[in-house]
> 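The structure under discussion is supplied below as structure tokens; questions concerning it will follow.
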Amino acid sequence: MIGDSPLVQVAQRAQDIERAAAFYAHLLGAPVAATFDPPGLAFLALGDTRLLLERGAPSALLYFAVDDLDARVERLRASGVSIVTEPHTIFGHADATLGPAGTEERMAFILDSEGNTVALVEHRRGAEDA
């Protein structure tokens, strides 16, 4: 196993590798680690997991953690990114089974530069904890 995570890599469809690499580098605040074109591959290192942008990959639904979902969505909207679903609460975490106990799991969905849907996830302290 590499690092602490058994998940080594996820792939996302990208017809235009340069455009997709720039989009994800901006979205995630992570530099492009490597590009191989041909054959049409770009990698971003996200902790122990690599994000592979690949021409031949199928579209995937990727979920990325963000600190301030509302602010992130507004910045993306201002830069021309299409918002598919506005920020909303999915469920609360009574315990730490799926996320930090006492938080609400909030999500929004956007379209990336290649037309793939991408989820942004925030764990926000519930109103009763604020």
Side-chain angles (χ1 to χ4, degrees):
M1 182 165 46
I2 300 171
D4 294 329
S5 174
L7 182 60
V8 174
Q9 181 169 288
V10 294
Q12 179 65 293
R13 179 186 60 82
Q15 295 303 313
D16 183 319
I17 296 300
E18 185 176 323
R19 178 181 64 204
F23 177 89
Y24 280 97
H26 177 71
L27 176 68
L28 302 172
V32 176
T35 302
F36 303 97
D37 198 14
L41 309 171
F43 294 88
L44 286 84
L46 307 175
D48 291 338
T49 305
R50 296 183 306 234
L51 173 59
L52 165 60
L53 304 170
E54 178 183 7
R55 282 195 188 103
S59 181
L61 180 52
L62 303 174
Y63 291 74
F64 295 108
V66 299
D67 289 329
D68 185 337
L69 182 62
D70 296 314
R72 180 70 64 98
V73 166
E74 287 312 311
R75 281 195 307 273
L76 291 168
R77 185 188 327 274
S79 68
V81 173
S82 294
I83 310 303
V84 175
T85 304
E86 295 292 332
H88 61 286
T89 299
I90 302 295
F91 55 84
H93 295 279
D95 59 31
T97 302
L98 296 176
T103 63
E104 295 177 343
E105 184 148 323
R106 300 183 70 240
M107 293 185 190
F109 295 83
I110 64 170
L111 290 181
D112 74 5
S113 62
E114 309 306 294
N116 301 301
T117 299
V118 175
L120 304 176
V121 181
E122 172 190 34
H123 292 114
R124 180 186 284 179
R125 287 276 162 211
E128 67 279 357
D129 297 328

> Can you tell me how far CZ of Arg75 sits from CG of Asp68, rounded to the nearest 0.5 angstrom?
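Here the rounded value is 7.0 Å.
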
> Any sub-3.5 Å donor-acceptor pair from Gln12's side-chain atoms to Ala57's backbone N or O?
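Looks like no, no N/O pair under 3.5 Å.
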
> Is there a path of hydrophobic side-chain contacts, each under 4.5 Å between heavy atoms of I/L/V/M/F/W/Y residues, joining Leu7 to Leu28?
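Same cluster.
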
> Looking at Leu76, Ile83, Leu62, which hits side-chain contact (heavy atoms from CB on, under 4.5 Å) with Leu120?
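Considering Leu76, Ile83, Leu62, a side-chain contact (heavy atoms from CB on, under 4.5 Å) with Leu120 is found only for Leu76.
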
> List in chain and number order the residues that pass side chain to side chain contact (heavy atoms under 4.5 Å, CB included) with Ala45, two or more places apart in sequence or in another chain; answer none if no residue qualifies.
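Scan of Ala45 (side chain to side chain contact (heavy atoms under 4.5 Å, CB included), adjacent residues dropped) gives none.
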
> I need the minimum non-hydrogen distance between Val32 and Leu44, along with the two atoms involved.
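Shortest heavy-atom separation between Val32 and Leu44 comes out as CA-CG, 4.2 Å.
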
> Kindly give the heavy-atom pair with the smallest separation between Ala11 and Ala60, and that separation in Å.
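The pair with the smallest heavy-atom distance is O-CB, 3.5 Å.
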
> Hydrophobic clustering (ILVMFWY, side-chain heavy atoms < 4.5 Å, transitive) - are Phe43 and Val8 grouped together?
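In one cluster with Val8: Phe43, no.
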
> Restricting to non-hydrogen atoms, name the atom on Val73 and the atom on Ala108 that form the minimum distance, rounded to 0.1 Å.
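That closest heavy-atom pairing would be CG2-CB, 3.7 Å.
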
> Let me confirm one number: the CZ-CG distance from Phe23 to Asp112, rounded to the nearest 0.5 Å.
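So the gap between those two atoms works out to 5.5 Å.
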
> If we check side chain to side chain donor-acceptor pair (under 3.5 Å) with Arg124, which of these qualifies: Thr89, Thr103, Asp70?
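Of the listed residues Thr89, Thr103, Asp70, the side chain to side chain donor-acceptor pair (under 3.5 Å) partner of Arg124 is Asp70.
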
> Is there a continuous path of hydrophobic side-chain contacts, each under 4.5 Å between heavy atoms, that joins Tyr63 to Ile110?
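Looking at the clustering, Ile110 is in a separate group from Tyr63.
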
> Kindly say whether Ala14 contributes a backbone atom to a donor-acceptor pair with the side chain of Arg19 at under 3.5 angstrom?
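Judged by distance alone, no pair lies under 3.5 Å.
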
> Run the numbers on Thr117 and Leu111 for side chain to side chain contact (heavy atoms under 4.5 Å, CB included), then give the verdict.
CA-CA 5 Å; Thr117 299; Leu111 290 181; 3.7 Å; yes

> Quiz question: by atom type and distance under 3.5 Å, do the side chains of Asp37 and Thr35 form a donor-acceptor pair?
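Short answer, no.
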
> Search all heavy atoms of Leu52 against all heavy atoms of Gln9 and return the closest pair with its distance.
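Nearest pair, atom of Leu52 first, then Gln9: CD2-NE2, 3.3 Å.
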
> To the nearest 0.5 angstrom, please state how far the CZ atom of Arg13 sits from the CG atom of Asn116.
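Between Arg13 CZ and Asn116 CG, I get 4.0 Å after rounding to 0.5 Å.
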
> Closest approach of His123 and Gly99, non-hydrogen atoms and distance?
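For His123 and Gly99, the tightest heavy-atom pair comes out as NE2-CA, 4.3 Å.
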
> Test side chain to side chain contact (heavy atoms under 4.5 Å, CB included) on Leu51 and Thr49 and set out the steps.
CA-CA 7 Å; Leu51 173 59; Thr49 305; over 6 Å; no

> Please enumerate all residues that pass side chain to side chain contact (heavy atoms under 4.5 Å, CB included) together with Ala65, with sequence neighbours excluded.
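None.
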
> Working to the nearest 0.5 angstrom, can you tell me the gap between Glu104 CD and Ile90 CD1?
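Here the interatomic distance stands at 11.0 Å.
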
> Ignoring hydrogens and geometry, is there a side-chain-to-backbone donor-acceptor pair from His88 to Met107 under 3.5 Å?
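Judged by distance alone, yes, a pair lies under 3.5 Å.
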
> Please check if atom CG in Asp67 has more than 12 non-hydrogen atoms from other residues, nucleotides or ligands closer than 6.0 Å.
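Counting other residues, nucleotides and ligands, CG of Asp67 stays at 12 neighbours or fewer.
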
> Of the non-hydrogen atoms in Leu27 and Arg72, which two are nearest, and what is the gap between them?
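Shortest heavy-atom separation between Leu27 and Arg72 comes out as O-NH1, 2.9 Å.
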
> Leu46, Leu61: one ILVMFWY side-chain cluster at the under-4.5 Å cut-off?
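Leu46 and Leu61: separate clusters.
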
> Any heavy-atom pair between the side chains of Leu53 and Leu41 that's under 4.5 Å?
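SC-SC contact between Leu41 and Leu53 ruled out.
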
> Verify ring pair (Phe, Tyr, Trp, His ring centres under 6.0 Å) between Tyr24 and His26, making sure each step is shown before the conclusion.
CA-CA 5 Å; Tyr24 280 97; His26 177 71; over 10 Å; no

